[in-house]
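Below is one structure; the comments refer to it alone.
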Amino acid sequence: MRAPYSSVTNRVLRKWNNWGQITGVRYKLFRISEALSLKVQHIRVVDGVAKHLRVIGKGNKERQVPLPESFGRVLALSLVGKNNEDYVFAKKPGGKPPGPHATRAYLKKLIDKAGIEKKVTPHKLRHTYATRLLEKDVQLVDIQALLGHESIATTQIYTHAGQERLSKLVADI
């Protein structure tokens, strides 16, 4: 039986270990290129908790991404023993991060392990994340900032899900 698409992200995240949780953030918040270029020096850790990330996005534009405390604790632990110049997602200290193809293959492995039959891509997870934020009444301009969209028009693509939700509400009256 196929899992409904709306539950894909939650099912994947429940199956992951701490490393999987860390990689989950790269699929939800970042473009693959942004995640793979993330270095330890881009993470602000305070009292053992990663508070936010400095992401260098398209066009070499920088944005700050806040992190939930529970995730920040896991991320901070994963950084212990790494140097500031180390890539966060490198397999070994001082090493290079995996390439985009290996990253997609790793996501596919996690999806398969979770028993999800739908096709899930890093971009679909990013889209799902943005849609969930919108459903939680997060302002479009805030979603734009979190995802690093230059234009609000790009972010407005996610409003179709909000429109579908509103249509259902009206239909039920």
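For reference, positions follow the sequence shown, starting with 1. Keep in mind the model is a prediction, meaning the values are calculated, not measured.
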Heavy-atom side-chain proximity of Arg104 to Thr121 below 4.5 angstrom: no
State which residues pass side chain to side chain donor-acceptor pair (under 3.5 Å) with Thr155; sequence neighbours excluded, sorted by chain then number. His149
With hydrophobic residues grouped by side-chain heavy-atom distances under 4.5 Å, do Val49 and Val88 end up in a single group? no
Would you say Val65 ends up clustered with Leu140 if hydrophobic residues are merged whenever their side chains have heavy atoms under 4.5 Å apart, either directly or through other cluster members? yes
For Thr103 and Pro98, work out which heavy atoms get closest and say how close. OG1-CG, 4.0 Å
Would you sort out whether Arg44 and Arg54 count as a side chain to side chain contact (heavy atoms under 4.5 Å, CB included), showing the intermediate values? CA-CA 8 Å; Arg44 181 170 175 245; Arg54 184 176 60 116; over 6 Å; no
Ser151 side, atom OG; Gln156 side, atom CD - distance, nearest 0.5 Å: 7.5 Å
Other residues, nucleotides and ligands only: do more than 12 of their heavy atoms fall within 6.0 Å of CG on Asn84? yes
Between the side chain of Lys124 and the main-chain N/O of Lys119, is any donor-acceptor distance below 3.5 Å? yes
Between the side chain of Asp112 and the main-chain N/O of Lys109, is any donor-acceptor distance below 3.5 Å? no
Would you mind reporting whether Leu147 and Thr154 have side-chain heavy atoms less than 4.5 Å apart? no
Side chain to side chain, Leu53 and His42, heavy atoms closer than 4.5 Å: no
Val45, Val55: one ILVMFWY side-chain cluster at the under-4.5 Å cut-off? yes
Let me confirm one number: the CZ-NE2 distance from Arg132 to His127, rounded to the nearest 0.5 Å. 9.0 Å
Has Gln144 got a side-chain atom pairing as donor or acceptor with Glu150's backbone, closer than 3.5 angstrom? yes
Is the number of heavy atoms from other residues, nucleotides or ligands under 6.0 Å of Gln64 CD greater than 12? yes
Can you name the nearest heavy-atom pair linking Phe89 to Ala35, along with the distance? CD1-O, 3.3 Å
Nearest-0.5 Å distance that lies between atom CZ in Arg73 and atom CG in Asp47: 9.0 Å
Which pair of heavy atoms, one from Arg63 and one from Leu146, lies closest together, and at what distance? NE-O, 2.9 Å
Ignoring hydrogens and angles, tell me if any N or O in the side chain of Lys51 forms a donor-acceptor pair with the backbone of Gly72 under 3.5 Å. no
What's the shortest heavy-atom distance between Gly95 and Ala90, and which atoms? O-CB, 3.3 Å
Begin with the C-alpha distance, continue with both residues' side-chain angles, and end with the deciding distance and a verdict on side chain to side chain contact (heavy atoms under 4.5 Å, CB included) for Glu62 and Ile56. CA-CA 5 Å; Glu62 183 178 310; Ile56 310 299; 3.9 Å; yes
To the nearest 0.5 Å, atom CG of Asp142 lies from atom CG of Leu134 at 11.5 Å
So does Gln139 have more than 12 non-hydrogen atoms from other groups sitting under 6.0 Å from CD? no
With clusters defined by side-chain heavy atoms of hydrophobic residues (ILVMFWY) lying less than 4.5 Å apart, directly or transitively, does Tyr87 cluster with Tyr106? no
Please determine whether residues Tyr129 and Leu75 belong to a single hydrophobic cluster, defined as Ile, Leu, Val, Met, Phe, Trp and Tyr linked transitively by side-chain heavy-atom distances below 4.5 Å. yes
Which atoms form the tightest heavy-atom contact between Ile43 and Ala50, and what is the distance? CG2-CB, 3.7 Å
Kindly give the heavy-atom pair with the smallest separation between Glu85 and Gln41, and that separation in Å. OE2-OE1, 3.2 Å
